[in-house]
Amino acid sequence: MTERGTAISTVRAARIAGPGREFLVDDEPVDIHIADGRIVDIAPTGALRAGGTVIDVEGAWALPGLWDNHVHTVQWALASERAPLGHARSAAEAARAMRDVEPLADGRRVGTGFRDALWPDRPTQEVLDAETGAVPTYLINADVHSVWLNSAALAREGFRSADGILRETEAFEISRRLNAVEAEHGDRAMERAGRQAAARGVTGLVDFDMAWGAEAWPRRVRNGFASHRVEFAVYPFDLDRAIEAGLRTGDVREDVDVPERGRGLVHVGSLKMITDGSLGTRTAACSHPYPGDPDNFGMLTVPSEQLVSLLTRATGAGLAVAVHAIGDRAITNALDAFTTTGAVGSIEHVQLVRHADLARFARLGVIASLQPQHAVDDRDLVERHWAEQTAIGYPLASLHAAGAELRFGSDAPVAALDPWHAISAAVSRTDDDRAPWHPEERLGVEQAINASVRTALRPGEPADIVVCGADPLTASGDTLRRMPISATLLAGNVTHFG
């Protein structure tokens, strides 16, 4: 068995199924030759002599390494240590589920992934206190825009809430505190999670953790992390620090030389701003009110003037921007700020888009960073809470047809960190036995793959390669979702095999 970390010189007898395939004259197997972390040649199998370590994939299908373009890394890595609540169908059931959860070493019970938007009852402090008593107990919403705390947790954190629910800025602060584990603990969790991601073909991710990645990621690489490439974001509360440190988007941020693991794994990403809420908490900023609440149009958490100021500062400092905007009103506001400032970057989530705004993405060069799995996870929420909206919900095909650049992610741990889930959801618009949801917004599989990769399989490109056990171009949505991965290479080094 080929060990993790082995440097591969040739991937023998691979069929290229993603970007790079267009340069081949047929679909016959080829050998992919690698040196110094890059693809140096692609030739018919056996045409060129192979030296060094060879893996024979026997006609399996190869793609460029996959990226997840939206991850909250520490929260994702720590999710396995927290009680899962996605199964809870009511506030009472979620509270009962927390009753017998073993407290963590810091004395707190933590659950994650509840979805209350369709519950028949409302979360209250009294309901949670009755089940959890004096042990500080925290329940994190699946979208992280709200947290439900018992009285003991509120007292411990110094917050007040009539119903035990903290939303938006206060919820993010609680999440930051829960994620602020000791560096060694967090790094071990990240190492485990990174290996799991590599097993699904992941060779890169964009980290939107609310922490100082400029310190954390070089430390992890120094200590041996080598599962994937990382672009880490900074938040407005760290913007002065980032400018003072000279961070510029795209710069390599490593303080050690580790050529055997692929130099340049860590890069500076974008300035991340959260400008509205979420669908699940009914705080995404929309043009029409939420049903049954005529005064609730969601919320713009960053006023237009402040957003323009932040984009201007970021652009002047050499930072791209990533603007969280879910509702159509927030997306228009974000596009207006891009227009005013000339900033470059992405809008994150892009879940409800006015028809008139579709073409603005391409015209402004703004990347639409989407999570296709959310479309199938949220379809029932959309039918209830956005039924009166006139904008387009989760528009994949519409954005693509308008010329926008699409990038896919998971928003992990909101959804599983698995690019194949995103690809499948984009292609099929369903993940159960129900008919596709708004099938007119489906993408072709090649379009979905293109939104999940950053490179191509051709000479000169990084040797970030994933080998699949089925042909992605002919696979069904279910096969795509469960795609078997036989090998993942990062800069020519094995990160997963088997």
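All values below were derived from every heavy atom in this structure, side-chain atoms included, with hydrogens, water molecules and symmetry-related copies excluded.
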Within-4.5 Å side-chain heavy-atom neighbours: [X] and [Y]:
{"X": "Thr495", "Y": "His228", "value": "no"}
{"X": "Val494", "Y": "Thr488", "value": "no"}
{"X": "Thr45", "Y": "Arg12", "value": "yes"}
{"X": "His70", "Y": "Phe208", "value": "yes"}
{"X": "Leu279", "Y": "Val382", "value": "yes"}
{"X": "His400", "Y": "Leu406", "value": "yes"}
{"X": "Thr112", "Y": "Pro84", "value": "no"}
{"X": "Met190", "Y": "Trp76", "value": "yes"}

Checking side-chain polar atoms at under 3.5 Å, does [X] have a donor or acceptor matched by the opposite partner on [Y]?
{"X": "Thr455", "Y": "Arg38", "value": "no"}
{"X": "Glu168", "Y": "His145", "value": "yes"}
{"X": "Thr430", "Y": "Ser428", "value": "no"}
{"X": "Ser410", "Y": "Gln373", "value": "no"}
{"X": "Glu348", "Y": "Ser346", "value": "yes"}
{"X": "Ser369", "Y": "Asn69", "value": "no"}

Nearest atoms (heavy-atom pairs only) where [X] meets [Y]:
{"X": "Val350", "Y": "Leu370", "answer": "O-CD2, 3.9 Å"}
{"X": "Ile392", "Y": "Pro395", "answer": "CG2-CB, 3.5 Å"}
{"X": "Phe114", "Y": "Leu139", "answer": "CE2-O, 3.2 Å"}
{"X": "Ala60", "Y": "Val467", "answer": "CB-CG1, 3.6 Å"}
{"X": "Gly246", "Y": "Asp251", "answer": "O-OD2, 4.2 Å"}
{"X": "Asp207", "Y": "Val230", "answer": "CB-CG1, 4.1 Å"}

Find the distance between [atom1] ([X]) and [atom2] ([Y]) and round it off to the nearest 0.5 Å.
{"X": "Ile16", "Y": "Glu22", "atom1": "CD1", "atom2": "CD", "answer": "9.0 Å"}
{"X": "Ile449", "Y": "Leu66", "atom1": "CD1", "atom2": "CG", "answer": "8.0 Å"}
{"X": "Leu205", "Y": "Leu417", "atom1": "CG", "atom2": "CG", "answer": "6.5 Å"}

Looking only at atom types and distance, does a side-chain atom of [X] sit under 3.5 Å from a main-chain N or O of [Y], one as donor and one as acceptor?
{"X": "Thr249", "Y": "Ala320", "result": "yes"}
{"X": "Glu254", "Y": "Val266", "result": "yes"}
{"X": "Asp357", "Y": "Val353", "result": "no"}
{"X": "Asp276", "Y": "Ile326", "result": "yes"}
{"X": "Arg429", "Y": "Trp437", "result": "yes"}
{"X": "Asp31", "Y": "Gly46", "result": "yes"}
{"X": "Ser424", "Y": "His421", "result": "no"}
{"X": "His324", "Y": "Gly277", "result": "yes"}
{"X": "Arg200", "Y": "Ala197", "result": "no"}
{"X": "Thr301", "Y": "Thr275", "result": "yes"}

*Please lay out, stage by stage, how Arg15 and Asp27 fare under the test salt bridge (charged side-chain N to carboxylate O under 4.0 Å, His left out).*
CA-CA 6 Å; Arg15 300 179 191 273; Asp27 293 328; over 6 Å; no
Can [X] be said to sit on top of [Y]'s aromatic six-ring, NZ or CZ under 6.0 Å from centre and within 45° of the ring axis?
{"X": "Arg177", "Y": "Phe172", "answer": "no"}
{"X": "Arg241", "Y": "Trp212", "answer": "yes"}
{"X": "Lys272", "Y": "Tyr235", "answer": "no"}
{"X": "Arg108", "Y": "Tyr138", "answer": "yes"}
{"X": "Arg454", "Y": "Trp67", "answer": "yes"}

*Check the pair Phe497, Ile8 against side chain to side chain contact (heavy atoms under 4.5 Å, CB included), reporting the backbone distance first and the verdict last.*
CA-CA 12 Å; Phe497 191 86; Ile8 302 301; over 6 Å; no
*Given salt bridge (charged side-chain N to carboxylate O under 4.0 Å, His left out), test Glu184 with Arg220 step by step and report yes or no.*
CA-CA 9 Å; Glu184 184 178 353; Arg220 291 167 188 154; over 6 Å; no
*Taking it one step at a time, do Leu399 and Leu396 satisfy side chain to side chain contact (heavy atoms under 4.5 Å, CB included)?*
CA-CA 5 Å; Leu399 281 164; Leu396 300 181; 5.9 Å; no
*Is the closest basic N to carboxylate O distance between Arg115 and Asp143 below 4.0 Å?*
no
*NZ/NE/NH1/NH2 to OD/OE distance under 4.0 Å, Arg188 and Glu191*: no
*Verify salt bridge (charged side-chain N to carboxylate O under 4.0 Å, His left out) between Arg407 and Glu405, making sure each step is shown before the conclusion.*
CA-CA 7 Å; Arg407 286 188 181 174; Glu405 179 182 348; 3.3 Å; yes
*Is the count of non-hydrogen atoms from other residues, nucleotides or ligands lying under 6.0 Å from Asp380 atom CG greater than 12?*
yes
_Apply side chain to side chain donor-acceptor pair (under 3.5 Å) to residues His72 and Asp209 and explain how you reach the verdict._
CA-CA 5 Å; His72 302 277; Asp209 191 28; 6.0 Å; no
*Decide yes or no on side chain to side chain contact (heavy atoms under 4.5 Å, CB included) for Val323 and Phe338, but give the supporting numbers first.*
CA-CA 10 Å; Val323 181; Phe338 275 101; 4.0 Å; yes
*Should the ring pair Tyr394 and Trp386 be called parallel, tilted or perpendicular, given that the plane angle runs from 0 to 90° and is split at 30 and 60?*
tilted
*Step by step, would you call Arg192 with Glu81 a salt bridge (charged side-chain N to carboxylate O under 4.0 Å, His left out)?*
CA-CA 12 Å; Arg192 291 193 302 270; Glu81 303 175 7; 3.5 Å; yes
*Would you check, one step at a time, whether the test side chain to side chain contact (heavy atoms under 4.5 Å, CB included) holds for Val414 with Val144?*
CA-CA 8 Å; Val414 179; Val144 200; 4.2 Å; yes
